[in-house]
Number of protein chains: 2
Amino acid sequence: MNIDPEQCHVEEALDIVVGKWKPIILLYLLKNGTIRFNELKRSVPNITQKMLTKHLRELEEEDIIARKVYPQVPPKVEYSITEYGRSLEPILEAMHEWGTKHQQHKRNNNVPS
Amino acid sequence: MNIDPEQCHVEEALDIVVGKWKPIILLYLLKNGTIRFNELKRSVPNITQKMLTKHLRELEEEDIIARKVYPQVPPKVEYSITEYGRSLEPILEAMHEWGTKHQQHKRNNNVPS
DNA sequence: CTGTATCCAATATGATACTG
DNA sequence: CAGTATCATATTGGATACAG
């Protein structure tokens with residue numbers, strides 16, 4: 001470990017990825033490339049419009065995703081992962097793998113969830 | 001990307017590492033191996049006893065850190081990272097590196113923080 | 001020294017109704 | 001279709017006092 005705790009930037013990465021629905025939103029965007037608002041809403045069970053909008057705005061603000069509006073009625077808005085946003089992929093994969101193993105670890109040790 | 005969003009386990013990993021002071025606590029433990037409660041409290045500026053205790057309990061519960069009590073007066077309690085806890089190190093390093101680059105990315109694009 | 005307990009403020013999330 | 005506005009609840013974290 002060579003990270004100096006005094007000047008660690010783990011938080012900056014966490015800020016992007018933390019939020020009740022952000023990981024799953026990111027996974028859908030990484031998987032599909034481009035997806036419409038309602039399509040995403042249907043894909044993420046139980047998410048409210050408010051939270052979907054909020055998370056999408058935050059990710060857009062950080063240049064992780066792009067928002068494309070088609071000026072038509074009814075409106076059509078497409079979201080996609082940016083080139084830059086794809087740099088998060090290894091981290092999400094690492095967390096997914098660790099999380100999977102952690103579930104197993106807890107089962108092996110009868111740790112109450 | 002080959003993670004199925006429907007069965008993603010990113011959350012399980014995030015749960016461990018999310019919390020206002022958890023990353024810096026983990027970094028100190030990874031760096032020092034063993035550290036006493038008050039030493040840790042002094043190392044993490046502004047943290048309250050309540051939050052330090054809470055985070056340490058949560059990490060212990062997940063088998064990331066170990067707590068050793070020396071039955072003496074005044075009490076002495078040492079915290080250390082477990083073998084298993086060390087498996088988080090690559091993820092923290094990856095996030096730290098990504099976070100560092102992200103700060104630079106934002107500066108390059110004049111993104112308001 | 002290593003905690004707990006209590007009360008309080010801030011933030012995150014949810015439910016629901018409304019709009020161009 | 002893709003949002004916004006409003007009100008309510010839940011969770012997180014902080015301040016402070018106290019205890020073995």
Side-chain angles (χ1 to χ4, degrees), chain A residues 8 10-26 28-29 32-62 64-81 113, chain B residues 8 10-26 28-29 32 34-62 64-81 112-113:
Chain A
C8 106
V10 171
E11 297 295 354
E12 278 88 334
L14 280 177
D15 284 346
I16 304 302
V17 126
V18 168
K20 182 155 177 186
W21 314 94
K22 272 192 194 167
I24 192 170
I25 288 173
L26 287 170
Y28 271 111
L29 287 166
N32 292 7
T34 288
I35 186 167
R36 293 183 64 172
F37 183 86
N38 248 8
E39 203 180 344
L40 200 44
K41 179 155 164 34
R42 279 190 302 270
S43 301
V44 182
N46 302 324
I47 195 173
T48 59
Q49 282 189 332
K50 175 183 161 184
M51 288 309 296
L52 181 53
T53 302
K54 181 169 181 272
H55 284 161
L56 289 171
R57 292 285 182 281
E58 291 164 353
L59 292 168
E60 188 192 0
E61 172 77 19
E62 300 289 338
I64 306 299
I65 67 175
R67 177 171 181 266
K68 179 166 186 185
V69 181
Y70 294 82
Q72 59 186 43
V73 179
K76 173 181 174 181
V77 179
E78 281 179 349
Y79 292 90
S80 58
I81 196 94
S113 67
Chain B
C8 106
V10 171
E11 297 295 353
E12 278 87 337
L14 280 177
D15 284 346
I16 305 301
V17 127
V18 167
K20 182 156 177 185
W21 314 94
K22 272 192 193 167
I24 192 172
I25 288 174
L26 287 170
Y28 271 111
L29 287 166
N32 292 7
T34 288
I35 186 167
R36 290 182 65 173
F37 183 85
N38 247 9
E39 203 181 342
L40 199 45
K41 179 155 162 33
R42 279 191 303 271
S43 301
V44 182
N46 303 323
I47 195 173
T48 59
Q49 284 188 334
K50 174 183 160 184
M51 287 311 295
L52 181 52
T53 302
K54 181 168 182 270
H55 283 161
L56 289 171
R57 292 285 182 282
E58 291 164 353
L59 292 168
E60 188 192 0
E61 171 78 17
E62 299 291 337
I64 306 300
I65 68 175
R67 178 172 181 264
K68 179 167 188 184
V69 181
Y70 294 82
Q72 58 186 46
V73 179
K76 173 179 173 182
V77 179
E78 282 180 348
Y79 291 92
S80 58
I81 197 92
S113 65

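Keep in mind that the numbers below use all heavy atoms, side chains included, and drop hydrogens, waters and symmetry copies. Residue numbers start from 1 in every chain, and the chains themselves are labelled A, B, ... in the order their sequence lines are given, proteins ahead of strands.
- Rounded to an integer number of Å, the gap from CD1 of B/Ile35 to P of C/dC1 is 14 Å.
- When each of A/Pro74 and A/Asn46 is assigned the nucleotide of DNA chain C bearing its nearest heavy atom, the one mapping closer to the 5' terminus is A/Asn46.
- Taking 4.0 angstrom as the limit, A/Arg36 places none of its side-chain polar atoms (N or O) nearer than this to OP1 or OP2 of D/dG3.
- If one axis is set at each end of the helix from C/dC1-D/dG20 to C/dG20-D/dC1 from five pairs, those axes are 40° apart, to 10°.
- Between the CD atom of A/Glu78 and the P atom of D/dA2 there is a distance of 9 Å, rounded to whole Å.
- Side-chain contact between B/Leu14 and A/Leu14: present, with at least one pair of heavy atoms (C-beta onward) separated by less than 4.5 Å.
- Out of C/dT4, D/dT4, D/dC1, the shortest distance to the side chain of A/Gln49 is found at D/dT4.
- Within the 4.0 angstrom heavy-atom criterion, only backbone atoms of the sugar-phosphate kind lie near B/Arg67; the bases stay farther away.
- Taking atom CD of B/Gln72 as the reference point, atom P of C/dC1 lies 12 Å away to the nearest angstrom.
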Exercise for the section: Would you sort out whether A/Glu61 and A/Arg57 count as a salt bridge (charged side-chain N to carboxylate O under 4.0 Å, His left out), showing the intermediate values? Expected result: CA-CA 6 Å; A/Glu61 172 77 19; A/Arg57 292 285 182 281; over 6 Å; no

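- By the 4.5 Å heavy-atom criterion applied to side chains, A/Leu56 and A/Phe37 are counted as neighbours.
- Residue B/Leu52 contributes atom CG, which lies 10 Å from atom P of C/dT2 at whole-angstrom precision.
- What separates CD of A/Glu11 from C1' of D/dG13 is a distance of 14 Å, to the nearest Å.
- Rounded to whole Å, atom P of D/dA2 lies 15 Å from atom CD of A/Glu60.
- The shortest distance between side-chain heavy atoms of B/Leu52 and B/Val44 does not fall below 4.5 Å.
- Looking at A/Ser80 and A/Lys68, their side chains never come closer than 4.5 Å, going by heavy atoms from C-beta outward.
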Please tabulate the protein-to-nucleotide N/O contacts below 3.5 Å involving nucleotides 10-13 of chain C, giving atom names and distances.
| residue | atom | partner | partner atom | Å |
| --- | --- | --- | --- | --- |
| C/dT13 | OP1 | A/Lys20 | N | 2.9 |
| C/dT13 | O4 | A/Lys50 | NZ | 3.4 |

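- Counting to the nearest Å, the C1' atom of C/dA15 and the CD1 atom of A/Ile47 are 14 Å from each other.
- Between B/Leu26 and A/Val10 the shortest side-chain heavy-atom distance does not fall below 4.5 Å.
- Put simply, the side chain of A/Ile25 reaches to within 4.5 Å of the side chain of A/Ile47, judged on heavy atoms.
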Problem - side chain to side chain contact (heavy atoms under 4.5 Å, CB included) evaluation trace for B/Ile65 with B/Glu60 - result: CA-CA 5 Å; B/Ile65 68 175; B/Glu60 188 192 0; 4.1 Å; yes

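- The side chain of A/Arg57 places an N or O atom within less than 4.0 Å of a non-bridging phosphate oxygen (OP1 or OP2) of D/dT4.
- When the salt bridge (Lys or Arg N to Asp or Glu O under 4.0 Å) test is applied to B/Lys20, no partner is found at least two apart in sequence or on another chain.
- Computed from coordinates, the A/Glu39 CD to D/dG3 C1' distance equals 17 Å when rounded to whole Å.
- Residue A/Tyr79 is classed as a sugar-phosphate contact, given heavy-atom separations below 4.0 Å to backbone atoms only.
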